[in-house]
Participant: 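Structure in structure tokens, see below.
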Amino acid sequence: MKYFPLIWAGLWRKRARTCLTALSIVVAFSLFGIMRGVTAGLNDAIAEFTSETRLITQSRINIIEPLPLAFLPRIESIDGVTSVVPYGYFGGYYQEPRNQINTAAVYIDEFLEMYPEFVLPQEQLEAMMRTRTGAIVGRDLAERFGWKIGDRIPLGSTIHTQRDGSSVWELDIVGIWHMRDERVESDDIYFHFDYFDESRSSGNGTVAVFMTKIGDVSRSAEIAERIDALFANSPNETFTQNERDFALAQIEQLGDIDFFVNAIVGAVLFTLLFMTGNTMMQSVRERIPELAVLKTYGYRDAGVAALVLAEALILCAGAGLLGLGIAAAAFPSVFEAMGVVPLPLPGSVVAIGLAAAGFLAFVSALPPALRAQRLSIVDALAAR
Amino acid sequence: MAAIVSIRNVLKGYSRGKQRVEVLHGLDLDVEEGEFLALMGPSGSGKTTLLNLIGGLDRPDKGEVVVVGERLDRLSSGRLAQWRARNVGFVFQFYNLLPVLSAERNVEVPLLLTKLSAKERKRRVHAALELVGLADRAKHKPTELSGGQQQRVAIARALVSDPVLLVCDEPTGDLDRETSDSILELLQLLNREHGKTIVMVTHDPKAAGYASRRLYVDKGVLVDRTMGAAA
Amino acid sequence: MSVFKQIFAVTGMNLKSVPQRLGSSFVIVIGMAGVVGVLVAIGAMVQALGDTLLSTGSENRAIVLRNGATSEISSILSPQAIATIMNAPGIARTPEGDAAVTTDMIIAVNLEKKDGGLGAVAVRGVSPQAFFVRPEIELVEGRMFEPGLHELIVGRNAQLEHEGLEVGDRIELRNSVWTIVGVFKSGNSHESGFLADVDTLISAYQRTQVSSATVLLTSPGAFDELEAAITADPTLDVQVLREPEYYRGQSEEVQAILSIVTTVVAGIMALGALLAALNSMYTAVSTRAVEIATLRAIGFGSAGVVVSVLVETMLLAVVGALIGAAAAWLLFGGNTVSMGNQVSTLVFQVRMTPSLLGIGIVLACAVGFVGGLPPAIRASRLPAATALRAV
Ligand SMILES: Nc1ncnc2c1ncn2[C@@H]1O[C@H](COP(=O)(O)OP(=O)(O)OP(=O)(O)O)[C@@H](O)[C@H]1O
Ligand SMILES: [Mg+2]
């Protein structure tokens, strides 16, 4: 690229101004990267850590409405279903209600088969299956509270009470599991559904949701429909989604995050457009005689315009890339702070960011480029 | 010798709003190859206008402009640009160097339009700088050079693509006597030793003395040297 | 000439030249408008969210929940607990002489949202005393539900968010179909949900226990007395909270997250605006170098030059702030925003408050000052001689 020195020199004609403009682009694109990263990254995380071969069946009325445990064999009998696990939502906390711990009562062995991403040593699983009051706790949680196998922990429930009126269950830690993917926090507790169901004072014989494993992903919609059809027009109508859609629906309920992110990012880019446009305009205005000289030496009108566009493109793409780089570096920690897996910044965000930088360059440089193209040599040299 | 510039009955005027100023009224001019022509005349008489026509920077309203065998009045602006790149070098009163580029980069600018390799470009740039006596200042920025040196860089830039014609608008207008003389000697050298045809506008009779022929522009026509009075 | 007169004269001259430098002046205005626009828009939302939740609580009321329950939805109260509450001291009386207590049961129902998808709505079963305990609830259309019938009234904000909530429409709850007989407003979070008779709801759901009890106190000071009486029996396993405290707890986390987001986003944008201000004021100063040097040469002090540049930057920034606030107000003011989870959706209207505008203007002044200072100092140090030679 033999024109590069010419373009580069034009860019640095006013060092301070170019630096300030570049810095604002860097700032704007790091903001863009992080904000778009959060929305796109959530979807990525859901895509990566959920499976369409697992279905979640909840009450059609609302997820807090329990479903009868008696539904389990009926779901199991549907063709294509591999296994069904009841899920009792415990609402657990340790010592104080503000120390919430995601705790669930399930059929441990079938649950772990359904979730191969959980790792539990075989002998611990066997111990768990022998221990009625046993619990398996996530490794990160065990580390946080200093729990070891053999410990007996009092686990409070914000929802349930035992038959004796107490809302605290004593559980024996017999296993410590962790996620196969080390990036994912292992901080849930699982214990036996049967023990949970027999010991609680109300809601016996009900589950929060059913989790169903199917053999063939392509049948997930069909099987979900067949499950719901089983209980249609009963007092306990169901609503079945695959795990991915379930997670997406939860995020969607939070509110229109996309709208806010887009509004902010839009405002930032719009502001930036003015700044860069103004910088480019000023820089061309100052250089009118120089650009005219280029034309006298045989540079075509379009060529001079292209030089101006190239300057803007280098400025915007360079600074934009730097900004996106900062966003990419900061992103995993942002996600971690949000309690999500520290995933890398999605590639799509970088791609859209670069496209936005190109657009920014083009739109902000278009008026000055046109001005450079149209400028008449004779007038410019005479400084008219 | 053949005429390198041949201008016939050229009309050129400018409109500013409703007002129209006729600058050149049916002007004729021939410049022979290898000539060093000085154009003189009072301010506003149309010297620059004429020079712009010769250099292919502007087109006449009427009449014929043939320079280096090309009818310039008939070329599109794109073809005109191409023609300039090949055939003319320009030198201006205020040097018009790109302030951010070093001397050698400034000189290289016209060569970027050619298909020459980087190495060949470098060779030519240095030959041109050598010719104007600034080989040792190749890396300097214009602000680090004196006016005379800057004008030499500008001349090197005009030479580098080896055009047959040099067009200079008051090349010494901004320089002191001594520096002017050295610049004019350089132009004379280029004319005599390197066969460049030069058309130069100047207000300075002493500068015009370096030329091989002098013409006066007055109110848009050329007048004989003996009839015209120096402004 | 006195310093003030000088400042006045130079500033006036500067401001008169702003129209000639519209491009770069615009950069400051638009940059600041962007920051303040975003700040005000999110700020108004966060504030409206907080106001809606916090205004649900009153100093005159207390709420009783099961120990350990973090919200009404996960709480249940035994009949013994209810009996204890009813007989506790410090409770106001209704005109009929009943204890001003409403025992509520909360359930949730998923309904179609107007913009697609399902959203959860909280259905609150309340005692007849509820309208004395919560006088802010006001029927605006239709009539009150009749105990014993499957009837309910819907909040105005719930109506905005969800499909099919007109008087006469029917809603399917567990085992039963309920008819909407009225619409109410309350100006707080209740307006995002439905109200029904608690006993009717309990029997439809075949339950025996309510979720919570809300008590109207004889005075805010009666709280301690009430709490002492209710928690005297530890076997009841309940907690008593002042209502504002309870609702603060419900909004704390969300508000903290949103405040961090607002601060970070607005902070980054303010940095961008600062760069914009620096940029255009450096340009302004350098294009007017000669003019400024001339002033200096004829005897103006540097204070006048510094102040004039600062005033110009700050003025442009404040104009930007006003435009940004106005734009945010026009685009988002009065907009309905909803935030939800699996069991309820909070619907509220974004409101602009003078304090937000004030914050925007203060921020603009700060950005204008910090962004104007370095160019101002550069201008005042401009050596008159060199600047004049640069003509
Ligand atoms: N683009 C233009 N628009 C309007 N008028 C023009 C334009 N170019 C030249 N003129 C007018 O044409 C006349 C001749 O201008 P020109 O620049 O050719 O004069 P000159 O002889 O070079 O003068 P000087 O010695 O001052 O350089 C002047 O009156 C000038 O005002
Ligand atoms: Mg002239």
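Letters A, B, ... mirror the listed sequences (proteins, then strands); counts begin at 1.
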Participant: For side-chain contact (heavy atoms from CB on, under 4.5 Å), just list the numbers for A:Leu294 and B:Val109, CA-CA rounded to whole Å, side-chain angles, deciding distance to a tenth of an Å, and then say yes or no.
Facilitator: CA-CA 8 Å; A:Leu294 290 180; B:Val109 163; 3.3 Å; yes

Participant: I need the A:Tyr297 OH to B:Asn96 CG distance, nearest 0.5 Å.
Facilitator: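 Reported to 0.5 Å precision, the distance equals 9.5 Å.
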
Participant: Check whether any side-chain heavy atom of B:Leu101 lies under 4.5 Å from a side-chain heavy atom of A:Trp8, and answer yes or no.
Facilitator: no

Participant: At what distance, to the nearest 0.5 angstrom, does CG of A:Asp379 lie from CG of B:Leu57?
Facilitator: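 Answer for the CG-CG pair, A:Asp379 versus B:Leu57, is 11.5 Å.
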
Participant: Which heavy atom of B:Val100 sits nearest to which heavy atom of A:Trp12, and what is that distance?
Facilitator: CG1-O, 4.3 Å

Participant: Report which part of B:Thr114 has an atom under 4.5 Å of a heavy atom belonging to chain A: side chain, backbone, both, or neither.
Facilitator: backbone

Participant: Looking at B:Arg105, B:Gln82, B:Arg157, which makes the most heavy-atom pairs under 4.5 Å with chain A?
Facilitator: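 So the answer, after comparing B:Arg105, B:Gln82, B:Arg157, is B:Arg157.
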
Participant: For chain A, which of B:Asp169, B:Thr49, B:Asn52, B:Asn106 has the most heavy-atom pairs under 4.5 Å?
Facilitator: B:Asn52

Participant: With a 4.5 angstrom heavy-atom cut-off, is it the side chain or the backbone of B:Phe94 that approaches chain A, or both, or neither?
Facilitator: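 Neither; nothing under 4.5 Å.
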
Participant: With chain A as the partner, which of B:Gln93, B:Glu108, B:Arg121 has the greatest number of non-hydrogen pairs under 4.5 Å?
Facilitator: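 Looking at each option in turn, the highest pair count goes to B:Arg121.
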
Participant: With respect to chain A, which residue among B:Ser77, B:Gly56, B:Ala118, B:Pro99 yields the maximal number of heavy-atom pairs within a distance under 4.5 Å?
Facilitator: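 With the most close heavy-atom pairs to chain A, the winner is B:Pro99.
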
Participant: Might you confirm whether atom CZ of B:Arg71 has over 12 heavy atoms from other residues, nucleotides or ligands at distances under 6.0 Å?
Facilitator: yes

Participant: Tell me the closest heavy-atom pair linking B:Arg84 and A:Gly298, and the distance in Å.
Facilitator: NE-N, 4.2 Å

Participant: Are there over 12 heavy-atom neighbours, none belonging to B:Arg79, within less than 6.0 Å of that residue's CZ?
Facilitator: no

Participant: I'd like to know whether CZ of A:Arg374 has more than 12 heavy-atom contacts from other residues, nucleotides or ligands below 6.0 angstrom.
Facilitator: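 Open: at most 12 neighbouring heavy atoms sit under 6.0 Å from CZ of A:Arg374.
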
Participant: List the atom of A:Lys2, the atom of B:Leu112, and the distance in Å for their closest heavy-atom pair.
Facilitator: NZ-O, 2.6 Å

Participant: Give the minimum heavy-atom separation between B:Phe90 and A:Thr296, together with the two atoms involved.
Facilitator: CE1-O, 3.2 Å

